[in-house]
Amino acid sequence: MTILDGRKTSKEIKDEIKVEVDKMKANGEKVPHLAAVIVGNDGASLTYVGSKVRACERVGFESTMVRLPNTTSEIELLDTIEDLNHNKDIDGFIIQLPLPPQINTQKVLMAVHPDKDVDGFHPTNFGKMALDMSTFIPATPFGILELIDRYGVETKGKHTVVIGRSHIVGRPMSILMGRKGFPGNSTVTLTHSHTKNITQITSQADIIITALGVPGFLKAEMVKDDAVIIDVGITRVPDDSEKGYYITGDVDFENVSKKASFITPVPGGVGPMTIAMLLKNTLLAREQHRKNRS
């Protein structure tokens with residue numbers, strides 16, 4: 001059994017990005033600039049945005065955090081997005097979710113210009129991805145593809161089962177794993193809360209990608225020997241420790257890992273890859289903007 005180590009791989013990717021940025025600096029070029037918009041004081045969101053800002057510093061990007069109060073109206077947020085869309089200094093930006101209830105999330109994500117949508121959530125970018133065109137792939141699916149690629153996990157002709165159909169992970173993964181090329185060329189089954197006999201389906205899978213958010217959902221009896229297990233789930237489970245919780249994924253790691261050929265840990269698997277690929281998308285955005293202006 002091989003651990004798909006997201007911490008190690010994300011560090012390698014950041015090192016590679018830093019080399020590219022150092023070349024830009026040496027040539028007197030503008031370095032990539034990532035902005036993050038956060039509305040309110042959600043603890044997990046602040047932590048996540050803070051880690052993105054630190055990651056930018058590590059690779060030599062410029063970064064901007066736009067903090068807005070919890071009382072921000074939808075119009076005020078849309079005005080902020082419009083400013084970022086027109087700011088030529090900023091190559092890409094993200095809107096940290098969740099947003100307060102007075103704001104329509106879909107309307108906000110639609111307002112981000114596709115050329116700066118480094119999260120890959122805009123329908124233009126999602127549509128291009130579905131059509132196998134060059135675009136920004138959502139950061140978490142992009143990270144999963146990168147892990148599969150760098151560890152040489154065979155996907156051609158394999159049966160991939162995706163658990164969960166979110167727009168951020170499940171649905172894009174089901175499209176990407178079925179596309180031509182590598183990673184891809186697998187036969188994909190997309191399962192969800194209304195799927196019947198899910199154990200019958202997962203036990204036939206060569207690759208299982210689970211993004212359900214249900215701790216310990218995938219048990220050893222649901223998995224065949226030598227399956228590849230990619231756990232995107234991340235849940236805080238309360239306990240009596242000093243922190244008051246522990247973090248776990250969708251997979252019963254202790255038992256499933258005994259049967260798997262490759263498996264991602266939680267934490268330390270897919271999670272660190274998400275930020276690394278967000279940086280990669282921002283680097284791609286910078287390159288695209290440079291070409292468009294030359």
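Side chains included, hydrogens not; waters and symmetry mates left out as well; all remaining heavy atoms used.
Here the OG1-CG distance, from Thr235 to Asp250, works out to 6.0 Å after rounding to the nearest 0.5 Å. Between the CE atom of Met177 and the CD1 atom of Ile144 there is a distance of 9.0 Å, given to the nearest 0.5 Å. To the nearest 0.5 Å, atom OG1 of residue Thr282 and atom CE of residue Met277 are 11.0 Å apart. Note that CD of Glu221 is 9.0 Å distant from OG1 of Thr202, once rounded to the nearest 0.5 Å. Atom CZ of Arg286 and atom CZ of Phe61 lie 10.5 Å apart (nearest 0.5 Å). In this structure, the separation between CD1 on Ile13 and NZ on Lys8 is 10.5 Å, given to the nearest 0.5 Å.
Between the side chains of Thr9 and Glu12, not a single donor N or O lies within less than 3.5 Å of an accepting N or O. No donor-acceptor contact under 3.5 angstrom links the side chains of Asn185 and Arg179, judged on distance only. A side-chain N or O of Asp91 and one of His289 form a donor-acceptor pair less than 3.5 Å apart. If you check the side chains of His159 and Thr189, you find a donor sitting under 3.5 Å from an acceptor. Side-chain contact of Thr135 with Asn125: a donor-acceptor pair under 3.5 Å is present, judged by distance alone.
With contacts defined as side-chain heavy-atom distances shorter than 4.5 Å, the pair Phe142/Lys280 qualifies. Put simply, the side chain of Met129 reaches to within 4.5 Å of the side chain of Pro172, judged on heavy atoms. Between Tyr48 and Asp42, the closest side-chain pair of non-hydrogen atoms is not below 4.5 Å. Under the 4.5 Å side-chain criterion, counting only non-hydrogen atoms from C-beta, Met273 is not in contact with Thr140. Leu218 places a side-chain heavy atom less than 4.5 Å from the side chain of Ile208. For the pair Ile90 and Glu62, the minimum side-chain heavy-atom distance is 4.5 Å or more. Under the 4.5 Å side-chain criterion, counting only non-hydrogen atoms from C-beta, Val37 is not in contact with Ile81. Side chains of Val270 and Asp231 form no contact here, defined as non-hydrogen atoms less than 4.5 Å apart.
The two atoms that bring Cys56 and Leu34 nearest to each other are SG-CD2, 3.7 Å, heavy atoms only. Closest heavy-atom contact between Asn104 and Gln106: OD1-N, 3.0 Å. Between Met24 and Pro32, the shortest heavy-atom distance links the atoms SD-CD, 3.6 Å. Nearest heavy atoms, Leu77 versus Thr72: N-CG2, 3.9 Å. Taking every heavy atom of both residues into account, Val169 and Ala211 meet most closely at CG1-CB, 3.7 Å. Taking both residues in full, the closest heavy atoms of Pro265 and Ile3 are given as CD-CG2, 3.8 Å, listed atom of the first, atom of the second, then distance.
Environment of CG in Leu131: crowded, with over 12 heavy atoms of neighbouring residues, nucleotides or ligands closer than 6.0 Å. Around the NZ atom of Lys18, the shell of radius 6.0 Å holds no more than 12 heavy atoms that belong to other residues, nucleotides or ligands. For Lys107, the NZ atom counts as loosely surrounded, since its 6.0 Å shell holds 12 or fewer non-hydrogen atoms of other residues, nucleotides or ligands. Atom CE of Met110 is surrounded by 12 or fewer heavy atoms from other residues, nucleotides or ligands within 6.0 Å. More than 12 heavy atoms of other shown residues, nucleotides or ligands fall within 6.0 angstrom of atom NZ in Lys25.
At distances below 3.5 Å, not a single donor-acceptor pair connects side-chain atoms of Lys219 with backbone N or O atoms of Asp252. Put simply, the side chain of Thr195 never gets that close to the backbone of Ile198: no donor and acceptor are under 3.5 Å apart. Between the Lys14 side chain and the Val59 main chain, no donor and acceptor come within less than 3.5 Å of each other. In this structure, the side chain of Tyr151 does not engage the main chain of Phe262 through any donor-acceptor pair within 3.5 Å. In terms of modelled atom types and a separation under 3.5 Å, the side chain of Gln204 and the main chain of Ile201 share no donor-acceptor contact. A donor-acceptor pair under 3.5 Å is formed between the side chain of Lys259 and the backbone N or O of Val223.
With salt bridges taken as basic N to acidic carboxylate O contacts below 4.0 Å, one links Arg150 and Glu16. Between Arg58 and Asp15 a salt bridge is recorded (basic side-chain N to carboxylate O distance below 4.0 Å). The pair Lys23-Glu20 meets the salt-bridge criterion, since a charged nitrogen lies less than 4.0 angstrom from a carboxylate oxygen.
The only option from Asp117, Asp119, Thr64, Asn85 that meets the side-chain contact (heavy atoms from CB on, under 4.5 Å) definition with Phe93 turns out to be Asn85.
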TODO: Give the intermediate values and the outcome of side-chain contact (heavy atoms from CB on, under 4.5 Å) for residues Ile229 and Thr264.
DONE: CA-CA 7 Å; Ile229 310 295; Thr264 58; 5.9 Å; no
Open item on the list: As a quick check of understanding, evaluate side-chain contact (heavy atoms from CB on, under 4.5 Å) for Asp206 and Val228, giving each step before the final call.
Closed with: CA-CA 6 Å; Asp206 301 304; Val228 176; over 6 Å; no
Open item on the list: Before you tell me yes or no, could you show the steps for Phe217 and Met222 under side-chain contact (heavy atoms from CB on, under 4.5 Å), namely the whole-Å CA-CA distance, both residues' side-chain angles and the distance that decides it to 0.1 Å?
Closed with: CA-CA 10 Å; Phe217 173 82; Met222 299 171 73; 3.9 Å; yes
- [ ] Evaluate the criterion side-chain contact (heavy atoms from CB on, under 4.5 Å) for residue pair Leu78 and Thr80; output intermediate values, then yes/no.
- [x] CA-CA 5 Å; Leu78 289 170; Thr80 300; over 6 Å; no
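Hydrophobic clustering places Ile148 together with Leu176 (ILVMFWY residues linked when any side-chain heavy atoms are closer than 4.5 Å, directly or through intermediates). Val112 and Ile103 end up in the same hydrophobic cluster when Ile, Leu, Val, Met, Phe, Trp and Tyr side chains are linked at under 4.5 Å. Taken together through direct or relayed side-chain contacts under 4.5 Å among Ile, Leu, Val, Met, Phe, Trp and Tyr, Phe126 and Leu145 form part of one hydrophobic cluster. When the side chains of ILVMFWY residues are joined at heavy-atom separations under 4.5 Å, either directly or via intervening members, Ile207 and Ile175 end up in a single hydrophobic cluster. Residues Val214 and Val251 are members of one and the same hydrophobic cluster, defined by side-chain heavy-atom contacts under 4.5 angstrom among Ile, Leu, Val, Met, Phe, Trp and Tyr.
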